[in-house]
Amino acid sequence: MNSFLMTAAMAFLIIGCCVALCVRLNVGSVVGFIIAGAILGPNTPGLVASNNVETLQSIADFGVVLFLFTLGLEMRPKQLWSMRKTLLLQGMGQVALTGACFTIIASLFAVSWEVGLVLGLILAQSSTAVVVSMLADKHELGTSHGKNIFANLMGQDMSIVLVMGIIPILAHSKVEDQVGLLEKSLVFVAS
C-alpha cells in the first residue's frame with residue numbers, strides 16, 4: 001500500500017479516536033486535537049515514525065486549507081465590512097503594539113531591534129482554529145463577545161500577510177548575526 005495513504009489513514013484514525021474520546025469526556029475537541037498532535041508529532045515515539053514528518057506536514061497543511069476555506073464560506077463581505085473597526089483596532093493594532101513592545105524590550109537587552117520586532121509580531125498571533133472551535137463548542141460564536149473575538153482573530157490573520165512581507169526584508173541583512181540574536185531572545189523569553 002502507498003506510504004502516504006497508510007500514514008494518512010493512521011493519522012486520521014488517531015485524530016478521530018482522540019477527538020471522539022475527548023468529546024465523550026466533555027473536555028472539548030480542541031484537547032483531542034492537541035493530544036493527537038502530541039502522539040503524531042515528530043518528537044514523540046508513536047505509531048507514526050519521525051521519518052514521515054513531510055507526510056504529516058502535508059496532511060496538516062490540507063487541514064489548514066480546509067479550515068480557511070470553511071471560514072471563507074461563512075464570511076460575507078458585508079459582515080467583514082461591519083467588523084472593520086474591531087478588525088483594524090483590536091486585531092491588527094494588537095499585533096503592531098506587541099511588535100513595538102518587543103522591539104523596545106530587545107533594544108533594552110542589547111538585542112537587535114529587528115529580532116525583537118519579528119519575535120513580537122510572531123508571538124502576537126493567536127490560533128484562529130483553536131479559538132473558533134472553543135467558541136463553537138460552547139455555542140458562543142454568535143454572541144457579542146464571540147463576534148468581537150472573531151473580529152480580533154481575523155485582524156491577526158490578515159496581518160500575517162504584512163508580517164510575511166516584513167520578515168524577509170529584515171532578514172536580508174546580517175543573517176548569521178540575526179540567528180544568534182534570535183536564539184538569545186528566545187532563551188530570554190522562555191525563562
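Residue numbers count from 1 along this sequence.
Residues Ile14 and Cys18 are in side-chain contact: their nearest non-hydrogen atoms beyond the backbone lie under 4.5 Å apart.
Remark: Cys101 SG to Leu117 CG distance equals 11.5 Å, nearest 0.5 Å. Atom NZ of Lys138 and atom CE of Met134 lie 5.0 Å apart (nearest 0.5 Å). Residue Cys17 holds its SG atom at 14.0 Å from CZ of Arg24, rounded to the nearest 0.5 Å. The CD1 atom of Ile104 sits 12.5 Å away from atom CZ of Phe109, with the distance rounded to the nearest 0.5 Å. Of the inter-residue distances, the one linking Phe150 atom CZ with Leu135 atom CG reads 10.0 Å to the nearest 0.5 angstrom. Note that CD1 of Ile15 is 10.0 Å distant from CD1 of Ile39, once rounded to the nearest 0.5 Å.
Ile160 pairs by the side chain to side chain contact (heavy atoms under 4.5 Å, CB included) definition with Gln125, Met164, not counting sequence neighbours. Remark: Thr103 engages no residue in a side chain to side chain donor-acceptor pair (under 3.5 Å) (not counting sequence neighbours). Listed by chain and residue number, Leu21, Val27 satisfy the side chain to side chain contact (heavy atoms under 4.5 Å, CB included) test with Leu25 (two or more places apart in sequence, or in another chain). Listed by chain and residue number, Glu140, Thr143, Ile149 satisfy the side chain to side chain contact (heavy atoms under 4.5 Å, CB included) test with His145 (two or more places apart in sequence, or in another chain). Gln94 meets the side chain to side chain contact (heavy atoms under 4.5 Å, CB included) test with Thr98, Ala124, Asn152, Gln156; sequence neighbours excluded.
What you find for Ser107 and Trp113 is that their closest heavy atoms are OG-CB, 4.1 Å. In this structure, Gly116 and Ala106 approach most closely via the heavy-atom pair CA-CB, 3.6 Å.
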Going by atom type alone, with no hydrogens or angles, which donor-acceptor pairs under 3.5 Å involve a side-chain atom of residues 83-92 and a protein atom two or more places apart or on another chain?
unit_1, atom_1, unit_2, atom_2, d
Arg84, NH1, Trp81, O, 2.9
Gln90, NE2, Asn148, OD1, 3.0

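Note on Leu121 and Leu97: separate hydrophobic clusters, where clusters join Ile, Leu, Val, Met, Phe, Trp and Tyr whose side-chain heavy atoms are under 4.5 Å apart, directly or indirectly.
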